[in-house]
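Before any comments, here is the structure.
Note: hydrogens, waters and symmetry copies are ignored here, and every other heavy atom, side chains too, is used. For the single chain, residues carry numbers from 1 onward in sequence order. All ligand and atom numbering here is 1-based and tracks the order in the structure.
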Amino acid sequence: MVKSGVEVSGLRVVRGGQEVLRDLTFSVVPGEVTGLLGPSGCGKTTLMRAIVGVQRITAGAVTVFGEPAGAAALRPRIGYVTQAPSVYDDLTVAENLSFFASVLGVGQDRVDACVRVVDLAAERGKVASRLSGGQRSRVSLAVALLGEPALIVLDEPTVGLDPVLRRDLWETFHALADEGAAVFVSSHVMDEATRCDRLLLMREGRIIADDTPAGLLEKTGADDIETAFLDLVEQAAS
Ligand SMILES: Nc1ncnc2c1ncn2[C@@H]1O[C@H](COP(=O)(O)OP(=O)(O)OP(=O)(O)O)[C@@H](O)[C@H]1O
């Protein structure tokens with residue numbers, strides 16, 4: 001049996017009086033890049049918040065490595081990158097990383113390794129306020145990787161990045177999964193779907209498909225994931 005990283009069962013979340021997540025059941029497995037794809041507002045961020053343990057849930061259960069989501073013991077094992085980069089603008093790239101490294105109690109060797117992973121070695125002496133949006137996001141990613149997390153949760157990490165950087169980042173996600181991490185990445189860009197080992201397609205708070213990209217195309221007979229998604233939406237409506 002494959003050991004599970006994240007188990008979500010019957011998850012429901014109500015936010016602002018509206019049911020935002022509707023009875024979700026799925027798992028995220030170590031060693032794979034699992035993509036969470038769906039249109040803006042379908043509930044991706046809320047689901048990620050529930051997994052990292054910062055979202056009040058209405059019903060169901062979320063466990064991470066066998067512990068309830070949010071358990072203190074999980075904190076050092078999870079790297080979470082939100083859509084808003086969390087960096088100190090008045091510190092350089094290296095200073096940002098060194099600060100978080102000291103908070104986490106990890107050495108300078110991890111700072112150097114993470115700067116390299118996100119390809120910011122040339123910018124390490126730059127003050128964060130002078131970085132581009134994509135570079136700032138990569139500083140956040142580097143911070144999340146400092147503690148060598150076993151679960152990496154990334155909320156739309158490739159938004160606003162050029163195609164070369166997007167490709168490089170996806171390669172980084174796969175390298176992290178190959179080292180054994182469970183990597184959970186959201187995107188609303190359907191053409192990123194083929195880069196995932198496994199896909200969860202989400203719409204209006206529900207998971208409408210949980211499959212490999214190839215499996216999804218085979219099942220729907222579609223030529224691309226966007227068409228497959230639209231077919232599934234139509235099927236659900238009929
Ligand atoms: N703080 C909040 N209070 C009440 N409702 C909220 C709150 N944050 C989000 N919502 C609602 O929850 C639903 C899902 O939002 P969520 O941010 O999870 O979607 P998303 O798929 O991540 O969207 P995007 O791709 O635009 O980031 C939306 O209908 C949104 O309006």
Side-chain angles (χ1 to χ4, degrees), residues 5-28 33-64 69-70 78-87 133-134 136-141 143-144 151-163 165-166 169-170 173 182-196 198-211 213 216 224-234 236-237:
V6 179
E7 289 288 351
V8 174
S9 157
L11 175 64
R12 290 176 192 272
V13 169
V14 173
R15 280 183 111 173
Q18 179 198 354
E19 191 171 42
V20 171
L21 300 182
R22 305 171 180 202
D23 196 15
L24 306 188
T25 297
F26 65 92
S27 50
V28 177
V33 177
T34 302
L36 177 64
L37 271 91
S40 180
C42 71
K44 302 184 295 297
T45 300
T46 307
L47 176 53
M48 293 191 145
R49 285 168 50 85
I51 289 173
V52 301
V54 297
Q55 176 66 53
R56 186 187 297 262
I57 70 175
T58 311
V62 182
T63 61
V64 180
I78 301 178
Y80 177 37
V81 184
T82 64
Q83 284 179 37
S86 41
V87 295
R136 284 163 62 83
S137 321
R138 280 184 285 147
V139 177
S140 271
L141 174 59
V143 168
L151 170 66
I152 302 161
V153 178
L154 304 157
D155 199 348
E156 307 220 13
T158 59
V159 168
L161 298 186
D162 70 62
L165 264 178
R166 271 172 57 181
L169 264 190
W170 278 100
F173 303 156
V183 183
F184 193 48
V185 189
S186 73
S187 177
H188 64 264
V189 184
M190 288 289 164
D191 66 7
E192 298 208 300
T194 49
R195 299 187 185 272
C196 304
R198 209 160 56 82
L199 280 179
L200 301 172
L201 294 189
M202 201 171 172
R203 184 169 187 268
E204 293 176 353
R206 288 199 171 83
I207 288 179
I208 59 171
D210 176 354
D211 209 332
L216 198 60
D224 57 68
I225 301 291
E226 182 144 21
T227 312
F229 181 84
L230 294 171
D231 287 353
L232 289 165
V233 169
E234 269 170 27

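Close approach to Q18 involves these atoms of ligand 1, each under 4.0 Å from a residue heavy atom: 29 (O). Set against the non-hydrogen atoms of T45, the atoms of ligand 1 under 4.0 Å away are 17 (O), 18 (O), 20 (P), 22 (O), 27 (O). Taking every non-hydrogen atom of Q83 and a distance limit under 4.0 Å, the qualifying atoms of ligand 1 come out as 27 (O). The T46 neighbourhood of ligand 1 comprises atoms 14 (C), 15 (O), 16 (P), 18 (O), with distances under 4.0 Å to a heavy atom of that residue. Against a heavy-atom cut-off of under 4.0 Å, E156 is close to the following atoms of ligand 1: 25 (O).
In terms of N/O distances under 3.5 Å, ligand 1 is not approached by H188. Residue G16 places no N or O, backbone or side chain, under 3.5 Å from any N or O of ligand 1.
Distance screen at 4.0 Å: atom 18 (O) of ligand 1 has a protein heavy-atom neighbour inside the cut-off. Atom 30 (C) of ligand 1 lies below 4.0 Å from none of the non-hydrogen atoms of the protein.
Side-chain atoms of S86 never come within 3.5 Å of backbone atoms of T82 as a donor-acceptor pair (strictly under, hydrogens ignored). R49 places a side-chain N or O within donor-acceptor distance of the main-chain N or O of V54, the cut-off being under 3.5 Å.
Contacts between P39 and ligand 1 below 4.0 angstrom, taking non-hydrogen atoms only, involve the backbone exclusively. The proximity of V20 to ligand 1, defined as any non-hydrogen pair under 4.0 Å, is limited to the side chain.
Looking only at side-chain heavy atoms (C-beta outward), I51 and F184 come within less than 4.5 Å of each other. Residues V81 and V153 are not in side-chain contact: their nearest non-hydrogen atoms beyond the backbone lie 4.5 Å or more apart. In this structure, the side chains of V189 and T158 stay at 4.5 Å or more apart for every pair of heavy atoms. In this structure, F26 and T34 have side chains that are not in contact, with every pair of non-hydrogen atoms separated by 4.5 Å or more.
For the ligand labelled ligand 1, residue G38 lies outside the 4.0 Å heavy-atom shell. Using a 4.0 Å heavy-atom cutoff, M202 is absent from the residues neighbouring ligand 1.
With hydrogens left out, the protein atom closest to atom 23 (O) of ligand 1 is G41 N, 2.8 Å, a heavy atom. Among all non-hydrogen protein atoms, the one lying nearest atom 5 (N) of ligand 1 is R15 CB, 3.6 Å. Considering only non-hydrogen protein atoms, atom 26 (O) of ligand 1 sits nearest to S40 OG, 2.5 Å.
A donor-acceptor contact closer than 3.5 angstrom links the side chains of S186 and D155. Checked by atom type, the side-chain pair Q55/T46 shows no donor-acceptor distance below 3.5 Å.
Here the options are T194, V33, L165, the test is side chain to side chain contact (heavy atoms under 4.5 Å, CB included), and the partner is W170; only V33 passes. Exactly one of L36, L37, L200 qualifies for a side chain to side chain contact (heavy atoms under 4.5 Å, CB included) with K44. That residue is L36.
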